[in-house]
Amino acid sequence: MDPSERALFITAYGRLVAGVWSEPDQERLLADDPHRLLAEHGLLLPPEIPVVVVRDAQHVDPDIDVQVRAWADAIAAGGPFLLYVPALDELDEHELSEHELDSVVAGVDPTGACCCPCCCT
């Protein structure tokens, strides 16, 4: 895969993952017809090459090079293509203490000046 093909693949793959994370229709299409989902993002894969979707693998953290190699290998060898769709990390929720709340009210540190030095002089 030459550098321009690699860049196009990475861009398309990134859009695909973001779409699956944010759009329920894209997530359903991933489960129902991954070939079509790939094609909608410009990743054309011959129909005889099977797509194996690896979703939210907790102990698998492939970097982009792994996904690029999986694509190139699937095309060269006739499949299968392992499509990794990582889990979307949810932000941990926790309660803030009164002191923590006081320090972030309106984005102002209570020990310092307000918004700018010009109005506080």
Side-chain angles (χ1 to χ4, degrees):
M1 182 180 290
D2 69 38
S4 64
E5 290 173 328
R6 177 184 166 81
L8 289 172
F9 174 82
I10 290 171
T11 300
Y13 172 72
R15 283 193 319 260
L16 182 148
V17 170
V20 168
W21 284 347
S22 63
E23 300 173 32
D25 291 342
Q26 294 282 296
E27 188 168 6
R28 276 191 296 280
L29 193 54
L30 176 68
D32 297 342
D33 191 354
H35 276 92
R36 183 170 160 212
L37 180 65
L38 288 164
E40 285 184 4
H41 291 278
L43 298 170
L44 303 176
L45 194 62
E48 64 272 7
I49 295 180
V51 177
V52 177
V53 177
V54 181
R55 290 290 316 263
D56 304 335
Q58 297 301 319
H59 303 292
V60 177
D61 189 19
D63 60 23
I64 194 64
D65 291 328
V66 170
Q67 191 62 85
V68 169
R69 273 193 309 276
W71 178 260
D73 291 348
I75 291 174
F81 171 54
L82 294 176
L83 174 59
Y84 292 96
V85 180
L88 178 62
D89 291 333
E90 299 288 329
L91 294 175
D92 291 333
E93 292 184 22
H94 68 277
E95 295 289 324
L96 295 176
S97 70
E98 289 295 321
H99 176 71
E100 290 171 319
L101 285 171
D102 287 342
S103 70
V104 296
V105 171
V108 177
D109 181 351
T111 62
C114 62
C115 58
C116 65
C118 63
C119 66
C120 297
T121 56

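Nothing here was measured: the structure is a model prediction, and the numbers come from that model.
Contact annotation: the side chain of L37 never approaches that of V51 to less than 4.5 Å [non-hydrogen atoms, C-beta and beyond]. The side-chain heavy atoms of I75 and F81, taken from C-beta on, include no pair separated by under 4.5 Å. Using a 4.5 Å heavy-atom threshold, the side chains of H41 and V17 count as separate.
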**Q.** Step-by-step side chain to side chain contact (heavy atoms under 4.5 Å, CB included) determination, L83 to Q67
**A.** CA-CA 7 Å; L83 174 59; Q67 191 62 85; 4.2 Å; yes
Q. Could you walk me through whether R6 and I64 pass the side chain to side chain contact (heavy atoms under 4.5 Å, CB included) check?
A. CA-CA 10 Å; R6 177 184 166 81; I64 194 64; 4.2 Å; yes
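Rounding to the nearest 0.5 Å gives a distance of 7.5 Å between CH2 of W71 and CD1 of I49. The CG atom of L16 sits 7.0 Å away from the CG atom of L30 when rounded to the nearest 0.5 Å. The NE2 atom of H35 lies 10.5 Å from the CG atom of L44; values are rounded to the nearest 0.5 Å.
Taking each heavy atom of P80 and A74 in turn, the nearest pair found is O-CB, 3.5 Å. Scanning all heavy atoms of the two residues, the minimum distance from P50 to G79 falls at CD-CA, 4.4 Å.
Partners of D32 according to the salt bridge (charged side-chain N to carboxylate O under 4.0 Å, His left out) rule, which considers only residues two or more places apart in sequence or in another chain, do not exist here. Applying the salt bridge (charged side-chain N to carboxylate O under 4.0 Å, His left out) test to R15 and every residue at least two apart in sequence or in another chain returns nothing.
Clustering ILVMFWY residues whenever any of their side-chain heavy atoms sit less than 4.5 angstrom apart, transitively, puts V68 in a cluster other than the one holding L8.
Of the possible polar contacts, one joining the W21 side chain to the P86 backbone as a donor-acceptor pair under 3.5 Å is found.
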